[in-house]
Amino acid sequence: MNLKQKVKQIKEGKLSAVENVMQFGEKIKKDNKKLNIFLHLNENSINEAKEIDSRIKNNKKTGKLAGLCVAIKSNICVKHLTINCASKVLEDFTAPYDATVIQKLKAEDAIVIGMVNMDEFACGGSGETSAFGPTKNPENLELIPGGSSSGSAAAVAADFCDFALGSDTGGSIRNPASHCGVVGLKPTYGAVSRYGLLDMTMSFDQIGPLTKTTEDAELVLSVIKGQDNFDSTTQEVNFKGKPRKVLGLVDTADFATPEITKLVTEKAKELAENQNLKIKTVKLPLDISLETYYIMVYTEFFSATRKYDGRRFGKLIDQFGGPEVQRRIIGGSEITKAEFEGKYYREALKARNLVVKEFEKIFKEVDAIILPTVPKLAHKIGEEITIKELYAYDVFTVLANLAQTPGISIPLGKIDNKNIGIQILADKWNEKQIFELAKNI
Ligand code: GLN
C-alpha cells in the first residue's frame with residue numbers, strides 16, 4: 001500500500017489516524033532501544049491524530065497527508081520538540097518555531113511522530129558520529145545505516161513511520177537510502193525551503209523525503225516544495241520531464257567496486273532496452289568532486305557554526321562538538337586564515353563552476369545520468385576506517401550538490417546481503433524525469 005492509498009483508507013475510516021500512530025508507537029517502543037533511531041518522540045501525536053479523526057468523522061476538510069506519520073531529522077525545527085543535531089552542543093534545545101517544510105506537512109495533516117538520530121550536525125556518511133550513539137541498520141544491526149540522515153532512512157526501513165524528512169548536503173539523503181534499501185530524493189537546490197533547517201553548508205543543503213516508493217517521494221515533494229519568503233533561494237516551479245531519448249551511463253570502474261559497477265551497468269542497460277533509450281557513456285568530473293566539496297564544506301561549516309558560541313544557543317561547539325565536527329571547524333579555520341586571502345575557497349568555487357559547466361554540457365546530450373549511489377558496500381559499525389575512506393563514500397553524490405541539480409537513490413538489489421542503491425541524476429528542475437525513470441526501474 002502506498003501513501004496515497006493509506007490516506008484514502010484513513011479518510012474512508014478504514015484505518016483511523018489514532019490507530020496509525022499507535023501501530024508505529026508500538027513498534028518504536030519494542031525496537032527503538034535496539035536500533036537507536038528516535039531521539040525524541042512527539043508526546044502530542046495521539047491528540048493530533050484524534051483531531052484529524054474527528055474532522056474526518058464530521059465530514060470536514062482534511063489534507064493530502066491526513067493521518068500519516070512522519071519522522072524528522074533532528075536538524076529541522078519542529079515547534080516545541082527538541083532539536084539537537086545529535087550533538088551535546090544543543091542537547092536540550094527546543095525549536096522555537098516550525099520550519100517551512102513542517103508548516104507545509106502540518107497544513108496537509110501529517111503528524112510528526114518524533115525526531116530522529118543523525119550524524120552530528122550532519123557531518124558524516126555512516127550514522128556513527130552522533131553524540132547519542134550510532135543508528136543501527138534495521139536489516140543488519142552490525143552494519144552502518146549510512147548517513148547523515150541515518151535515522152530518517154532507518155525509520156522508514158524499520159516501519160517506524162510512513163515517511164521521513166532528511167537533509168542532503170553531499171549525499172546525506174541518498175547515501176542512507178542506499179544502505180537501508182529505501183528511496184531518497186535530493187531535490188533541485190531552491191525547490192524546497194531551508195527555513196528552519198540548521199545549516200551545515202548553506203550553498204549545498206536541501207531538505208528531501210525518504211520513503212518506501214518513488215510515488216511516495218513524489219507525493220511528499222509536491223507538499224514541501226515551493227517559493228518561501230523566508231528563503232530567498234527558493235522558486236515556485238513546475239517540475240519538468242522532457243521526452244527521454246538518451247540515458248547517460250557513467251563509467252565508474254575507477255571509483256566503485258567491480259560488483260557495484262557491474263550491477264548498476266546491467267540495470268541501466270536493461271532500463272534503456274525496456275524504454276527504448278540510447279545509452280551514452282558520460283564522463284563526470286569525479287576526480288575533483290571530493291576535494292572541491294570538502295573545501296567548501298569546511299569553510300562554510302566553520303562559518304555556520306560560529307553562532308554556537310556558548311552564549312546564544314546551547315554550549316560552545318569548539319568544546320562540546322565531537323571529533324568529526326572539530327575536524328571541520330579546525331580545518332575551516334585554517335583554510336580561511338586571513339593570510340591566505342580566501343584563495344582556497346576561491347579555487348574551490350572555480351572548480352565548482354567547472355562542475356556546473358560540465359553538467360550543463362552533459363544534459364544537452366543526455367536526459368538523465370545513471371550511476372551507483374555509493375562506491376562500496378557498507379562497513380560494520382565501529383570498524384576502523386580512515387577519514388579518506390569515509391569521505392570516499394560521497395564521491396558519487398556530492399556532484400549533484402555542487403551543481404545544485406536533483407538526484408534520487410532507489411533500491412537496486414543486494415550484494416553479499418547488503419543493500420545497494422542506484423542513483424539517477426537529471427538537470428535542474430527535472431524531478432519529473434527522475435521520477436519516471438525511477439518508476440520504470
Ligand atoms: N557525508 C557528507 C559529509 O560528511 C555528506 C553530509 C551531508 O550531506 N549532510 O559532508
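In each ligand, atom 1 is the first atom listed, and ligand 1 is the first ligand listed. Along the sequence shown, residues are numbered consecutively beginning with 1. The shown structure was predicted, so the numbers you read here are calculated from the model rather than taken from an experiment.
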* Indicate whether the side chain of Tyr189 and that of Asp205 have a donor and an acceptor atom separated by less than 3.5 Å. => no
Would you list the atom pairs, donor with acceptor, under 3.5 Å between side chains in residues 141-148 and any protein atom, with sequence neighbours excluded?
unit_1 : atom_1 : unit_2 : atom_2 : d
Ser148 : OG     : Lys73  : NZ     : 2.8
Ser148 : OG     : Ser172 : OG     : 2.7

* Close aromatic pair by centroid cut-off 6.0 Å: Phe239 and Phe435 -> no
* Asked: Of all residues at least two apart in sequence or in a different chain, which pass the side chain to side chain contact (heavy atoms under 4.5 Å, CB included) check with Ala351?
  -> Ile288, Thr292
* Asked: Closest approach of Pro187 and Leu221, non-hydrogen atoms and distance?
  -> CG-CD1, 3.8 Å
* What residues form a salt bridge (Lys or Arg N to Asp or Glu O under 4.0 Å) with Asp231, not counting sequence neighbours? -> Arg194
Give every pair made of an N or O atom of ligand 1 and a protein N or O atom lying under 3.5 Å apart, one pair per line with both atom names and the distance to 0.1 Å, or write 'none'.
unit_1   : atom_1 : unit_2 : atom_2 : d
ligand 1 : 1 (N)  : Gly124 : O      : 3.0
ligand 1 : 1 (N)  : Asp394 : OD1    : 3.1
ligand 1 : 1 (N)  : Asp394 : OD2    : 3.0
ligand 1 : 4 (O)  : Gly124 : N      : 3.0
ligand 1 : 4 (O)  : Tyr294 : OH     : 3.3
ligand 1 : 4 (O)  : Arg328 : NH1    : 3.4
ligand 1 : 4 (O)  : Arg328 : NH2    : 2.7
ligand 1 : 8 (O)  : Thr169 : N      : 2.8
ligand 1 : 8 (O)  : Gly170 : N      : 2.7
ligand 1 : 8 (O)  : Gly171 : N      : 3.4
ligand 1 : 8 (O)  : Ser172 : N      : 3.1
ligand 1 : 8 (O)  : Ser172 : OG     : 2.6
ligand 1 : 9 (N)  : Ala122 : O      : 3.0
ligand 1 : 9 (N)  : Ser148 : OG     : 3.3
ligand 1 : 9 (N)  : Thr169 : OG1    : 3.4
ligand 1 : 9 (N)  : Ser172 : OG     : 2.7
ligand 1 : 10 (O) : Tyr293 : OH     : 2.7
ligand 1 : 10 (O) : Arg328 : NH1    : 3.0

